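Take a look at the structure set out below.
Start at 1 with the first residue, then count along the sequence. Worth saying up front: this structure is predicted, and the values here are computed from it rather than measured.
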Amino acid sequence: GTGAITAVAEQKITLNANVVVQAVAGNVAFTADNLAGNNGHTLFMNDTALIDAGSGTVTLTADGSITLGGLKTTNATAAAVTVTTPSGAVVDGGDTYLEVEANSGTVTVGAVAGIGAAANHLETRLHTLQATNLTSGGIFVLETDDLIVGGTGVKTTGGNGPVVVRTSGGALTLNAEAAAHGTGNVLLAALGAGTDVVANADVKSGSGHVTVTGARHVTFNAGADLRTSGTGTVNVVAGTGSVTLSDTSLFTTGSGHLRVLGGVDVTLGGLSTTGNASVTATAGSILDAGDTYVDVVAAQLRLVAGTGVGTLGVGANALETTVATLSAQAGAGGINLRETDGLTVDNTGATVQAVNPDATVTPVTDAAQSDLVTTGNGSLVVTTTNGPLTVNEGDADDTGVSANGTGNVRLSAGGAGSDLGLNADVESGTGHVTLLAADAMTLAATVDVTTAGGGTVDVLAGTGSLVM
């Protein structure tokens with residue numbers, strides 16, 4: 001019936017092998033160590049022990065650690081399952097059952113010494129999760145289908161605790177923040193084919209590394225940021241789909257590198273670091289979501305797009321940057337980039353620390369590339385609005401800028417006193433080439449500017465000299 005099941009112990013509670021506590025619709029509440037003060041007594045469930053509350057709620061409390069066999073309810077309230085310990089950990093007792101199966105309501109987990117463990121995650125089938133770990137250890141959860149992070153979020157507040165939340169067969173949606181304390185690393189991953197990570201709230205670490213991966217898409221909606229600091233790196237990967245940031249979304253760190261990889265497109269709100277950044281849109285384009293942020297602020301920027309970087313033609317929209325050094329490759333969509341100050345075309349690359357399921361890291365490097373290059377008759381437009389533009393030879397081919405086929409080239413150094421300096425060749429197959437400098441223009445020895453067929457070359461040094 002609807003009767004409740006309650007167990008209270010002055011010391012510990014143990015549910016031995018094959019014990020089943022079952023209610024149809026009544027609430028189940030077990031409290032271990034109800035004596036005054038914190039005596040550290042535990043609540044232990046054998047791997048084969050099960051608490052099934054039917055449509056009732058489940059509440060487990062102990063001063064010490066709580067070891068879970070299986071908890072199950074269909075309750076759809078905000079209090080469907082609550083598991084809390086003020087001094088211990090919440091850990092997995094084995095794999096006979098999912099540790100928590102509550103696919104309709106909210107599950108709340110609170111601990112001090114860890115929720116799950118690096119080598120043994122809590123396996124769940126939940127609707128909504130909120131979890132906080134206070135002092136040591138981290139949070140490690142593996143969900144079987146869709147999961148919403150809600151309420152107060154999923155976070156560690158001490159001990160440099162990591163946060164690892166993965167779904168094996170569904171979407172991972174953040175309606176509340178995921179945050180790791182101090183140098184704690186963060187991994188959020190939707191692993192199953194065709195599944196996405198959707199962030200409607202921030203992903204944060206104090207100064208740890210952050211990895212977000214979606215088997216298909218990764219989306220950061222309005223106001224959702226990804227933040228770390230110091231040498232913490234950012235690694236965001238959409239496997240078969242796209243990485244999409246809203247205009248108001250920012251990925252930021254201190255001096256750590258940033259890496260964003262989309263199987264199709266990457267749409268940028270803002271990326272910001274004093275280190276290096278690498279953005280790859282394997283089969284699509286790197287696009288500007290809007291003007292709240294400069295699209296990329298970095299020391300070095302490496303861009304690779306199967307189609308285009310920014311957009312050209314009708315409705316053209318340049319990718320906006322504040323970077324020192326740039327390299328870029330694109331296809332038929334070409335390259336349209338506008339730099340806020342001075343820019344050098346040269347070698348660029350980036351290395352991030354990808355977060356593993358046990359919260360350790362593995363370095364991932366986007367190898368150094370150089371030059372500005374298009375294929376598929378893609379055109380190339382690079383403009384500085386207030387600084388010099390310099391093209392260096394970053395590899396051994398003597399060419400710094402190359403537009404394929406009929407692709408046109410326009411290089412422009414804008415702003416009073418800004419020079420254009422060419423230390424490597426600029427070429428188009430048969431397209432037109434325009435070189436503009438607000439002040440002077442210099443072509444180093446052996447540098448050529450070439451096109452063919454009906455292609456033309458237009459060179460203008462505004463208030464300064466042209467030196468060849």
Between the side chain of [X] and the main-chain N/O of [Y], is any donor-acceptor distance below 3.5 Å?
| X | Y | result |
| --- | --- | --- |
| Asp371 | Val401 | no |
| Asn377 | Thr406 | yes |
| Asn175 | Val149 | no |
| Thr213 | Ala189 | no |
| His432 | Thr451 | no |
| Ser104 | Ala76 | no |
| Gln130 | Thr152 | yes |
| Thr311 | Asn317 | yes |
| Asp288 | Gly290 | yes |
| Asp425 | Asp448 | yes |

Working for side-chain hydrogen bond (donor to acceptor under 3.5 Å, both in side chains), residues Ser327 and Thr348: CA-CA 6 Å; Ser327 71; Thr348 64; 2.5 Å; yes
- request: Go through the steps to decide whether Thr463 and Asp439 satisfy the test side-chain hydrogen bond (donor to acceptor under 3.5 Å, both in side chains), and finish with yes or no.
  value: CA-CA 5 Å; Thr463 59; Asp439 193 13; 3.0 Å; yes
query: Between Lys204 and Asp202, is there a salt bridge with N-O shorter than 4.0 Å?
result: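 Looking at Lys204 together with Asp202, the answer is no, because their closest N to O distance does not fall below 4.0 Å.
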Scan side-chain atoms only and decide if [X] and [Y] contain a donor-acceptor pair under the 3.5 Å cut-off.
| X | Y | result |
| --- | --- | --- |
| Asp346 | Thr344 | no |
| Thr322 | Thr340 | yes |
| Asn235 | Arg259 | yes |
| Thr384 | Glu339 | no |
| Ser402 | Glu427 | yes |

field: Working for side chain to side chain contact (heavy atoms under 4.5 Å, CB included), residues Leu98 and Val100
entry: CA-CA 5 Å; Leu98 295 173; Val100 187; over 6 Å; no
- prompt: Which is it for Gln300 and Thr325 under the side-chain hydrogen bond (donor to acceptor under 3.5 Å, both in side chains) test, yes or no, and what are the steps along the way?
  reply: CA-CA 5 Å; Gln300 296 182 12; Thr325 309; 5.4 Å; no
Rounded distance (nearest 0.5 Å) linking atom OG of Ser168 with atom CG of Asp145: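 Between atom OG of Ser168 and atom CG of Asp145 there are 7.5 Å.
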- request: Quick one: pull up OG1 in Thr233 and CD in Gln353 and give me the separation to the nearest 0.5 Å.
  value: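 Thr233 OG1 to Gln353 CD: 5.5 Å, rounded to 0.5 Å.
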Steps toward side-chain hydrogen bond (donor to acceptor under 3.5 Å, both in side chains) verdict (Thr248, Thr292): CA-CA 6 Å; Thr248 59; Thr292 298; over 6 Å; no
task: Can you see which heavy atom on His257 is nearest to which on Thr351, and at what distance?
output: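 For His257 and Thr351, the tightest heavy-atom pair comes out as ND1-N, 3.0 Å.
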